[in-house]
Amino acid sequence: MIHQKNQITKSPDLSINIGPLRLKNPVLLASGTCGYGAELDGLLDLDLLGGIIVKGISIRPRPGNPPPRLVETPCGLLNSIGLENVGIESFLRDKLPWLRNVKTSLIVNILGNSVEEYSEIAKKLDGAEGVKAIEVNISCPNVKAGGIAFGTDPEAAANVTRAVKKTTGLPVIIKLTPNVTDITKVARKVASAGADAISLINTLLGMAIDIKSRRPALANVFGGLSGPAIKPIALRMVWQVVRAVDIPVIGIGGISTPDDALEFLMAGAKAVEIGTATLVRPGTAEDVPAGIRYYMEANSIQNVEDLRLPDQQTLNPVRYPSFPIEGLPMQPL
Amino acid sequence: MIHQKNQITKSPDLSINIGPLRLKNPVLLASGTCGYGAELDGLLDLDLLGGIIVKGISIRPRPGNPPPRLVETPCGLLNSIGLENVGIESFLRDKLPWLRNVKTSLIVNILGNSVEEYSEIAKKLDGAEGVKAIEVNISCPNVKAGGIAFGTDPEAAANVTRAVKKTTGLPVIIKLTPNVTDITKVARKVASAGADAISLINTLLGMAIDIKSRRPALANVFGGLSGPAIKPIALRMVWQVVRAVDIPVIGIGGISTPDDALEFLMAGAKAVEIGTATLVRPGTAEDVPAGIRYYMEANSIQNVEDLRLPDQQTLNPVRYPSFPIEGLPMQPL
Amino acid sequence: MPKFDTPARIVEQTQLTHGIFLLTVKATAIQDSANPGQFCMLEVKYNNSRDPLLRRPLSIYKTRANGQISFLYKEVGKGTRLLSKRRPGEIVRVLGPLGQGFRLIDDRPQCILVGGGLGIAPLLLLAERIKQSGKLIILIGAGNASEIPTIEDFSGLTRYFHVATEDGSLGQRGMVTDLLAQTLQEITGMAQIYTCGPWPMMKAVYHMARRKNIPCQVSLEATMACGIGLCLGCAVPRSDSHGFLHVCQEGPVFDADQVHWEYNQ
Amino acid sequence: MPKFDTPARIVEQTQLTHGIFLLTVKATAIQDSANPGQFCMLEVKYNNSRDPLLRRPLSIYKTRANGQISFLYKEVGKGTRLLSKRRPGEIVRVLGPLGQGFRLIDDRPQCILVGGGLGIAPLLLLAERIKQSGKLIILIGAGNASEIPTIEDFSGLTRYFHVATEDGSLGQRGMVTDLLAQTLQEITGMAQIYTCGPWPMMKAVYHMARRKNIPCQVSLEATMACGIGLCLGCAVPRSDSHGFLHVCQEGPVFDADQVHWEYNQ
Ligand SMILES: Cc1cc2nc3c(=O)[nH]c(=O)nc-3n(C[C@H](O)[C@H](O)[C@H](O)COP(=O)(O)OP(=O)(O)OC[C@H]3O[C@@H](n4cnc5c(N)ncnc54)[C@H](O)[C@@H]3O)c2cc1C
Ligand SMILES: Cc1cc2nc3c(=O)[nH]c(=O)nc-3n(C[C@H](O)[C@H](O)[C@H](O)COP(=O)(O)OP(=O)(O)OC[C@H]3O[C@@H](n4cnc5c(N)ncnc54)[C@H](O)[C@@H]3O)c2cc1C
Ligand SMILES: Cc1cc2nc3c(=O)[nH]c(=O)nc-3n(C[C@H](O)[C@H](O)[C@H](O)COP(=O)(O)O)c2cc1C
Ligand SMILES: Cc1cc2nc3c(=O)[nH]c(=O)nc-3n(C[C@H](O)[C@H](O)[C@H](O)COP(=O)(O)O)c2cc1C
Ligand code: FES
Ligand code: FES
């Protein structure tokens, strides 16, 4: 069988394009779960990945939120790090040099509390050697608009997109928050505003209470939920956004195995990011391109983009060739 | 120790009021996960519970969605039952008589695809002996408004509330969907429209893909996510709604132990509903009032409502009596 | 019918062939009231972990008067893998006996049992019951011999016993439906077919039975959450196109003509 | 400093007293490079379950030249309960050695180790190291004797060894801080304190040390997700009010005056 397969198929091609950016494979490390890369030295071979997205960077260093910042939940993790980071100056000076030596695409995640802050930091990254793209975290509070997250307001999201696109020549990926009624509305706005790609999802807003001490388990009360628990929600949103926009979509949320990644690629994501799973086992991401390749070989799939399920068949799953059930409208639930 | 405690505290009082309805304890079975009650005969003593909320009833019987209707996810369950039910006539004739013999409060969950359908079914329940309250599932598609769920549109949610309140004298509980940007907006509207109480959350929209057969794991593509995985999101929304409205709030989502229930009661829920956990172990709910009582005794708490955490302390957790960290605003994440 | 949700102590856990296990637990109340074709929901999660969340349905394979029940199962995924790691002395929660089992039909002295692979699991109790009252014909098929390691449990029950494997490693080379075709040519008089196995096999068996006007009972599978009629998740389309059968409550055993066989699983 | 994430075979799992366990695994690479005060992240989930999701941090208690590492741990919740069920021969994933351990200070010939309860765990390797070079004073406190079942591992290392228990079941009745007060009155010359235990105890030790101008190193705990600096979750406020210390990377051992002790855990 294997012999026969080798004769008819070439080795699968895992490389993909995210706008103008070519990645050797569709597996990236998600922002906030891989530090600035160097922390993984010796535990994960970054060269095997499509890319690394470093911890969200702001214009000035941020101390982050008071502890406790973490609480484990069933198959999930709540965090309220508060976007602690070293700031753009220190990033460029202290972190970037090490990252330049890694043979994978470096993407910098940025954040701000105003459109101007996003622009300013994008400008500083524009000329930085080694930086291949910018991922824009729009889950941050829009201080001018009373603290509502940029990402929950399609207009505000589009404004950030336009501002960042204007100040940089780098490919711009807009990272969406899932805490919205209709994610396709934000996605469409961001796409028309010129984003090169969309990544989703960021964490879902959650909380936990410590019944022993009788107070919220996080000092910040609310935190962001990530990990396997959120995978079904993330996959649904990726499926929706893929069908709503024409730009590449990067899937994120609870991916911890090659099979999880394959679900997102089948939903139509061009690439995936691995977050919490790296915290649980630092080497997780390394196995994912290998697992995808194995699946493609076993199923004679040549290009990674061919994993995507055809829309027609799946949106109206033809499981009943001739199956009229009285009054059987498909339900959203 | 125990001896001493008995001398100073009376036995804890677990009874609560949901509007005009008095429940002997705050533990209910959630709609869609306890059938019509009789299925649990011999496996769960319903008399020990505060109430049971039967499977959502529509005006006519509904066959539900084609299978597969279920898929397990990490610490969660995706379902697309499609609101299969026997219809109000059969419910009143075939199911209600058995339920009348149970010594717990019977609440009927209702659903419709138009405001008129909701009214019509509420009217039929109004005089039904044994029915103590109505819970209104507003996650259903509003057929007239193009299939957007009633619950994602605050106006539509308020319209359903008003219509149901007008046609029945029974206490009306509006059950909110979590698939919205700001659940407090819907909650406030529903409260001003006259709801006696609010319950939340219904399931989160999700999906899964079966990578072996290369198609969505559910025939309906999308399904509702429930179970422990969603608990942090549910708890956060309950916390928010409790602080946004003055009517009682019933917490639902991933509750499977007394400790889980206590988290919701501490967040300020008056009562809780147990859903998926009953599917996993039919006797689950029985242990919850007992566990709550045990905790109250151990902590000398007299009334179950006193479990609620004081807002002041917890919204601004005073963990740092004198702790100024430069530039440390609390972040939403 | 009473159901019990009991912590059951594992008496035996044996790997029979690669990936196939026989698990025996002590659960007296369940054993006491179990009927052929019924099943149990077994907790597979370990200790206080909540993943995997749901129990797994397994047919009652064997019962012994001392309160023991055995399950014959295949490791196919996460849940059955975890179950296979459990050792004698440990406790698993078992909910049962569940569902409607096989119905014995008084005017049918000849009973033909058709099992495919691990589809034989619900058939052993049935065979033992029929043996007491009428003529028992057992036909078993599998890919190869190692997929049906407990074949001796059946072979001693009747002299009308035939096996087919696709690779010829045991019995006749071919499909169990070949055996059925031969049997249906040979027999005369009233008969009843009982079958369990992969969907396409059961569908073929049903069509063969129908052509001969022999009633056929099938034991179906469906993804289950509760196993007791709470969730309505275990739906299978009805042949009359009026909604669904619910495998855990109305089944798992159905008259084959109730089932919509064109349903593409 | 190299770190390793290796599947480690369990060599021994012993329940020492109620709820306290000694776990020994074979993890040669980690053992080879481990320093006193470092820790490991241990996988506690079973097989391919994903709950509990995170690994648990445990201090390296003992190492042996044959590649074995031991952990001394208490069952406090879900994760440690699952870990305690694992048996010799089974595999657990261990990531280590992690963090910055204790620093030996050359001009401090007298070292005072102050351990509270299972806070003794990171102190054994340190005590063994100090024993080779200078005067070793060990002070251990606990609620009662059963909370410190491995006390013999320490008592043989030095003749300056004192225990206090709150119920008097072992050593002096009282707190370990009483022992420290006595010791601080007796000693003369340069000294260094190393401490690990509950936060209030460490805080008290720090303040006593400060009054005597003795430098003090503390081993802190924090909830951790990664243990290697990826998530920034393990923050503890700095004494200079300029942000946070990160326990897994800059710690777990810190100079006590770097820590904001008013932080209300
Ligand atoms: C009434 C009934 C009786 C059964 N009796 C037996 C028995 O006696 N012996 C036996 O080995 N198996 C039996 N099964 C099938 C058994 O329940 C599944 O193999 C098991 O649940 C798979 O669990 P898993 O976690 O290992 O697999 P998963 O990781 O959940 O899934 C692995 C694969 O198995 C399939 N699968 C999952 N659940 C089911 C299910 N409920 N039914 C069919 N396929 C499934 C999935 O589609 C997937 O391809 C029975 C099923 C039913 C409904
Ligand atoms: C660097 C470091 C070294 C440690 N060394 C040891 C050791 O050698 N021996 C030992 O017994 N314990 C040690 N701990 C504590 C140990 O990690 C926790 O007891 C363990 O993670 C609890 O897991 P659990 O799942 O059993 O408890 P959970 O179910 O997660 O929680 C139960 C209780 O324990 C508390 N808890 C949970 N995680 C931690 C944590 N990381 N630190 C402190 N408290 C926690 C919770 O607040 C809760 O009250 C160490 C912790 C750190 C950070
Ligand atoms: C500890 C932690 C820190 C994070 N920090 C950031 C961040 O700085 N910027 C950002 O865009 N996303 C951040 N995220 C979100 C992740 O990148 C990812 O979108 C999310 O965790 C969902 O993926 P996962 O389930 O694979 O973790 C963080 C997540 C975690 C768990
Ligand atoms: C199988 C299933 C069927 C459900 N059917 C209904 C329903 O008919 N009406 C309704 O309002 N909610 C329904 N729900 C939602 C539950 O009542 C509950 O809100 C949700 O599952 C979250 O709680 P849980 O995590 O405890 O299950 C259903 C849930 C499940 C799992
Ligand atoms: S499995 Fe729940 S109704 Fe059948
Ligand atoms: S635990 Fe992740 S940075 Fe310390």
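Every chain is numbered from 1, with letters handed out A, B, ... down the list of sequences.
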Interface moiety of A/A234 toward chain B, non-hydrogen atoms closer than 4.5 Å: neither
We want to know whether A/T181 and B/T181 form a side-chain donor-acceptor pair, criterion being a heavy-atom distance below 3.5 angstrom. yes
Are A/T276 and A/S226 linked by a side-chain donor-acceptor pair shorter than 3.5 Å? yes
Tell me, for A/F264 versus chain B, whether the close heavy atoms (under 4.5 Å) come from the side chain, the backbone, both or neither. neither
Between A/L78 and chain B, with a heavy-atom cut-off of 4.5 Å, which part of the residue counts as in contact: side chain, backbone, both or neither? side chain
Indicate yes or no: does B/E84 engage B/R69 in a salt bridge with an N to O separation below 4.0 Å. yes
Would you call A/K231 and A/D260 a salt bridge, taking side-chain N to carboxylate O under 4.0 Å as the test? yes
With chain A, the option among B/L262, B/L307, B/D210, B/D182 that has the most non-hydrogen atom pairs under 4.5 Å is B/L307
Heavy-atom proximity to chain B below 4.5 Å, by part of A/L225: side chain
Max heavy-atom pairs within cutoff under 4.5 Å with chain A, candidates B/I209, B/V71, B/I230, goes to B/I209
Identify which of A/V238, A/T177, A/V180 forms the greatest number of heavy-atom pairs closer than 4.5 Å to chain B. A/V180
Do you know which two heavy atoms are closest between B/C140 and B/G112, and how far apart they sit? CB-O, 3.3 Å
Exercise: do A/S58 and A/N85 side chains pair donor with acceptor under 3.5 Å: yes
Report the distance from atom CZ of B/F150 to atom CG of B/N113, rounding to the nearest 0.5 Å. 7.0 Å
Among A/I233, A/D259, A/T73, which has the most heavy-atom pairs under 4.5 Å with chain B? A/I233
Among the options A/A149, A/P178, A/A208, pick out the one with the most heavy-atom pairs lying under 4.5 Å from chain B. A/A208
Greatest number of non-hydrogen atom pairs under 4.5 angstrom with chain B, of A/P232, A/A267, A/A229, A/G206, falls to A/P232
